[in-house]
Amino acid sequence: MSILQLFSVYLLLGIVRALFKAECDLVPADFVFLLDSSGSETSRGFKTQLAFISNFTSNFEVGPDKAQFAAVTFSTSVYKNFYLNEHQDQASVLDAINKIAYRDGETYTDLGLNYVRQNVLTVCGDYPADIAFLIDSSGSESGSNFENERNFISMVASEFSYGYNDTMIAVSQFATVARTDIFFTQYPDKTALMEAIARISWMNGESNTHLGLRELAHNVFHTKHMHVHGHHHGHQSVTYGPRSQSTKIAVVLTDGQSLEPLLTRKSAATLHAMGVEVFAIGMGRHVDSSELLTIASDKDHIYQVPTTNDLESIHTKIVDAICKLKVPPPTTTPMPTTTKLPTTTVKQACGQKPADIVFLLDASESEKATGFAKEIEFVYNFARKFHIGPDNVQFGSVTFSSGIRNDFYLNTYHNRHDVLNAIQKIAYMQGGTNTSFGIQFVRENSFEPQNGGRQNATRIVIVITDGQSADPAATKHEAQLLHQQGVQVYAVGVGSQVDNSELKAISSDGTPILVGDFSLLHDIQASLETAACHGGT
């Protein structure tokens with residue numbers, strides 16, 4: 001960097017300082033440094049960049065409600081140095097900047113910009129999550145190995161906003177026995193939580209993984225009433241446990257085969273049945289890969305690292321995977337205050353065959369925007385109960401009024417996060433009730449191989465409508481053609497204006513599902529989920 005360039009940089013710094021000092025004391029700001037670490041920059045030039053961003057950062061108060069800083073380095077590859085919420089005070093940020101390493105290589109600026117856009121500037125879904133970590137504390141995890149596990153938990157936990165309305169953290173261990181060091185809701189703030197994580201000590205002993213999984217199921221993900229000794233008031237009773245309306249997640253770390261593989265499989269199945277999303281992280285070369293598959297919710301929830309030193313390198317992958325589960329519920333309409341949001345009891349692809357499920361949604365004028373919003377809420381809560389993907393359940397959506405709109409095909413999205421986001425974006429249409437057009441479109445397009453239809457899948461259509469179609473004869477005819485293709489059709493009629501005979505004709509078994517109004521759609525969710533599962537047997 002020339003003297004002239006250096007002067008320009010410090011002139012820019014002076015201007016920025018003057019501009020932001022007045023504003024940023026009042027308004028929070030997120031700053032992301034994208035640093036060129038390529039060969040042409042040289043180590044000396046890179047140090048000048050670090051000096052610049054250190055000087056810049058020192059002008060701001062750092063904190064969640066003030067200024068936050070992130071740093072990403074690019075050359076041939078991209079390196080995440082730290083995220084916006086990783087450092088909560090100025091000293092910590094400056095220390096992190098000081099540790100940023102020069103990488104050398106080519107100048108792939110586009111990779112750096114793309115990484116910042118996709119990773120640093122996304123906001124993790126704000127649906128509350130209860131995340132429990134289960135640490136392998138057996139004999140082989142002594143010394144630095146255990147410390148690496150503990151540091152990994154600190155790194156992942158620090159990425160999330162901690163609090164009763166956001167993310168809560170629990171930590172358990174297993175060796176010969178199992179114990180929980182940190183329960184959900186036990187610590188009032190993130191500082192207290194991080195201090196508690198740092199205090200967790202190694203247990204030593206055998207690898208009774210099943211006891212750790214059982215500890216999560218019986219004590220961590222269940223409400224726990226405990227007597228604790230208070231400093232001022234003697235013994236007092238406290239209640240720790242998960243929240244009813246949270247996404248429940250477990251991250252299990254293990255370095256070997258469990259002593260009781262069958263009991264491990266059984267304990268993991270208990271967790272899965274409770275609706276807990278389980279990630280399994282295998283550490284080292286003695287891990288039983290098939291056992292990881294029984295512990296994890298599915299194969300996409302499995303991670304393996306050569307040593308515990310490599311845990312740090314995958315912590316952002318784990319954070320991203322958790323973020324995909326922390327999808328906010330639909331914002332189209334407030335949730336009914338009398339209804340508890342269902343917990344994420346995620347179903348595996350049920351029966352012998354996976355299911356291809358297409359929703360056909362009435363967006364006609366009689367629905368009104370509020371009614372359609374309830375439909376979307378229903379579809380969202382239905383879809384979030386299934387493992388979604390090419391090997392599991394696939395979802396598509398078609399909306400009809402006077403015309404037809406394909407919202408997305410079965411293969412448009414390949415995971416639950418993307419499907420749920422797409423459902424939230426389905427817009428109201430208004431117009432007439434051309435149900436026959438909708439059924440015809442689904443029959444001719446939705447299950448085609450190029451649109452994701454699978455030969456081995458059970459094909460299911462769920463029609464939701466609040467009125468009589470514009471052409472009842474055509475609707476009955478199109479439904480008949482759909483039945484002849486072997487598609488299971490469920491007809492959901494909402495309100496008092498539905499044509500019962502038409503709904504009978506639409507439904508495969510001649511038995512429509514009737515609900516009084518849109519706010520009651522959630523009452524039939526369980527029966528439809530079961531029907532979808534039985535369709536796959």
* Asked: Looking only at heavy atoms, which two atoms of Asn145 and Ser140 are closest? And how far apart?
  -> ND2-O, 3.3 Å
* Only counting residues at least two apart or in another chain, list the ones meeting salt bridge (charged side-chain N to carboxylate O under 4.0 Å, His left out) with Asp407. => Arg405
* **Gap separating the OG atom of Ser246 from the CD1 atom of Ile131, nearest 0.5 angstrom** => 10.0 Å
* Report the residues that fulfil ring pair (Phe, Tyr, Trp, His ring centres under 6.0 Å) with Phe184, sequence neighbours left out, ordered by chain and then residue number. => Phe221
* To do: Begin with the C-alpha distance, continue with both residues' side-chain angles, and end with the deciding distance and a verdict on side-chain hydrogen bond (donor to acceptor under 3.5 Å, both in side chains) for Asn415 and Asp418.
  => CA-CA 6 Å; Asn415 59 63; Asp418 292 344; 3.2 Å; yes
* Assert yes or no for the condition that the ring centre distance of Phe56 to Phe33 is strictly below 6.0 Å. => yes
* To do: State the CZ-CG distance between Phe46 and Leu35, to the nearest 0.5 angstrom.
  => 5.0 Å
* Any side-chain donor-acceptor pair under 3.5 Å between Ser258 and Glu291? -> yes
* How long is the span from the CD1 atom in Ile153 to the CE atom in Met194, to the nearest 0.5 Å? -> 10.0 Å
* For Leu259, enumerate each residue passing the side chain to side chain contact (heavy atoms under 4.5 Å, CB included) test, keeping only those at least two apart in sequence or located in another chain. => Glu206, Asn208
* side-chain hydrogen bond (donor to acceptor under 3.5 Å, both in side chains) contacts touching residues 172-182 (sequence neighbours left out) -> Ser137-Gln173, Ser172-Thr180, Gln173-Asp181, Arg179-Asp181, Arg179-Ser201, Thr180-Glu215
* **Electrostatic pair Glu277-Arg416, nearest N-O below 4.0 angstrom** => yes
* **Glu448 CD: over 12 foreign heavy atoms closer than 6.0 Å** => yes
* Would you check if there is a donor-acceptor pair between the side chains of Asn81 and Thr73 at a distance under 3.5 Å? => yes
* Give the intermediate values and the outcome of side-chain hydrogen bond (donor to acceptor under 3.5 Å, both in side chains) for residues Asp95 and Ser92. => CA-CA 5 Å; Asp95 183 55; Ser92 180; over 6 Å; no
* Structure fact -> Here the gap from Asn55 atom CG to Leu50 atom CG, rounded to the nearest 0.5 Å, amounts to 11.0 Å
* **Residues which pass salt bridge (charged side-chain N to carboxylate O under 4.0 Å, His left out) with Asp104, listed by chain and number, not counting sequence neighbours** => none
* By salt bridge (charged side-chain N to carboxylate O under 4.0 Å, His left out) - contacts of Lys317 (at least two apart) -> none
* For the atom pair SG (Cys323) and CD1 (Ile318), what is the distance rounded to the nearest 0.5 Å? -> 11.5 Å
* To do: Please name all residues satisfying ring pair (Phe, Tyr, Trp, His ring centres under 6.0 Å) with Tyr108, sequence neighbours left out, ordered by chain then number.
  => none
* **Those residues that, when tested against Ser144, pass side chain to side chain contact (heavy atoms under 4.5 Å, CB included) (two or more places apart)** => none
* **Contacts of type ring pair (Phe, Tyr, Trp, His ring centres under 6.0 Å), residue Phe133, not counting sequence neighbours** => none
* Single hit among Asp255, Asn151, Asn148 for side chain to side chain donor-acceptor pair (under 3.5 Å) with Thr308 -> Asn148
* Asked: Which heavy-atom pair separates Val177 from Leu211 by the least distance, and what is that distance?
  -> CA-CD1, 4.1 Å
* Asked: Can you list the residues that meet the salt bridge (charged side-chain N to carboxylate O under 4.0 Å, His left out) rule with Asp356, with sequence neighbours excluded?
  -> Arg454
* Asked: Run the side-chain hydrogen bond (donor to acceptor under 3.5 Å, both in side chains) check on Ser75 and Ser38 step by step: do they pass?
  -> CA-CA 5 Å; Ser75 56; Ser38 59; over 6 Å; no
* Any side-chain hydrogen bond (donor to acceptor under 3.5 Å, both in side chains) involving residues 153-163? Give me the pairs, sequence neighbours left out, ordered by first then second residue. => Glu159-His315
* Verify whether the ring centers belonging to His87 and Phe69 lie closer than 6.0 Å. => no
* Asked: Between Phe359 and Phe382, does the ring centre distance come in under 6.0 Å?
  -> yes
* With sequence neighbours excluded, what pairs up with Tyr187 under the ring pair (Phe, Tyr, Trp, His ring centres under 6.0 Å) test? -> none
* Structure fact -> Taken to the nearest 0.5 Å, the spacing of Phe152 CZ from Ile314 CD1 works out to 5.0 Å
